[in-house]
Amino acid sequence: MSKGTLLVLSGPSGVGKGTIVGEILKRRKVALSVSCTTRDPREGEVDGKSYFFISRQRFEELIKENGFLEYSKHFDNYYGTPRKFVEEKLQEGDVILEIEVDGALQVKKAHPDAVLVMIEPPDRQALFARLRGRGTESEERIESRVKRADYELSKAPLYDYVVVNDDLGKAVGEVIAILEKGERKK
Ligand code: 5GP
């Protein structure tokens, strides 16, 4: 039996889940899992903090070594949760994963006690419009991002809780209450 709750937070790009996680870390003693990824670092991202940025070859070795609690491919890059870190930290207390839906559902299979929380935007169409309006990328890339956001939201019924991020403080409070309850709703 582990001591802590494994809280898995997902939500479409742009919904503000990173900000919510940042606020929870300020207010509660929880460990945030740092994922491995094969994508390139963005400006300001720090290796070992934002992600462990590793090669595709190393990632595939880690898959074979059963080093991931879950992993998935997202826009042609691998993302995975290091198994050892999470299992060790769960012996001490609560752990948060901020991962996309396919990985979250794998976690649920391996750890049925994990609590899955979907962060939803107050207005889906407004979120999609924002995703469309970002940057100078190709039409194809923009559309695939919107489609992906729609896909992520379609998995909400499989989650234990849905939290609407219409007010940051309220959303943070709701996620903390779920964490403190520490169990699945259904
Ligand atoms: P980004 O490239 O924008 O940092 O992340 C893209 C997506 O990958 C986000 O939805 C993020 O939550 C998800 N992600 C980050 N780390 C992991 C992980 O370890 N596993 C899975 N399955 N998804 C992850």
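Order of appearance sets the numbers: ligands from 1, and atoms from 1 within every ligand.
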Please write down residue, atom name and distance for the protein heavy atom closest to [atom].
atom	answer
atom 16 (N) of ligand 1	S35 OG, 3.0 Å
atom 5 (O) of ligand 1	Y51 OH, 3.3 Å
atom 2 (O) of ligand 1	Y79 OH, 2.5 Å
atom 20 (N) of ligand 1	E70 OE2, 2.7 Å
atom 9 (C) of ligand 1	K17 NZ, 4.2 Å
atom 11 (C) of ligand 1	E98 O, 4.1 Å
atom 23 (N) of ligand 1	E100 N, 3.2 Å

Checklist entry - Other than Y51, which residues form its hydrophobic cluster under the rule that side-chain heavy atoms must be closer than 4.5 Å? => result F53, Y79
If only side-chain N and O atoms count, and only distance matters, is there a donor-acceptor pair under 3.5 Å linking [Y] with [X]?
X	Y	answer
S72	E100	yes
E60	Y78	yes
N77	T38	yes

Item to check | Exercise: identify the closest heavy-atom pair between N165 and A171 | outcome: OD1-CB, 3.7 Å
Next on the checklist: How close do G18 and E98 get, counting heavy atoms only, and between which atoms?
Outcome noted: CA-OE1, 3.9 Å
Checklist outcome for this item: The residue among V107, D113, I96, D94 that forms side-chain contact (heavy atoms from CB on, under 4.5 Å) with L6 is V107
Next on the checklist: Judged on heavy-atom distance to atom 3 (O) of ligand 1, which of R42, H74, E45 sits nearest?
Outcome noted: R42
Item to check | Ligand-residue contact atoms, ligand 1 with S72, heavy atoms, under 4.0 Å | outcome: 22 (N)
What do you reckon, does [X] have a nitrogen or oxygen under 3.5 Å from a nitrogen or oxygen of ligand 1?
X	result
R39	yes
G11	no
Y71	no

Item to check | Any F68 heavy atom less than 4.0 Å from ligand 1 | outcome: no
Checklist entry - Hey, does E152 sit under 4.0 Å from ligand 1 if you only count heavy atoms? => result no
Checklist entry - Would you call the rings of F59 and F68 parallel, tilted or perpendicular, where under 30° means parallel and over 60° means perpendicular? => result parallel
Next on the checklist: The test is salt bridge (Lys or Arg N to Asp or Glu O under 4.0 Å); show your working for E45 and K49 and say whether it passes.
Outcome noted: CA-CA 8 Å; E45 287 185 329; K49 262 195 131 173; over 6 Å; no
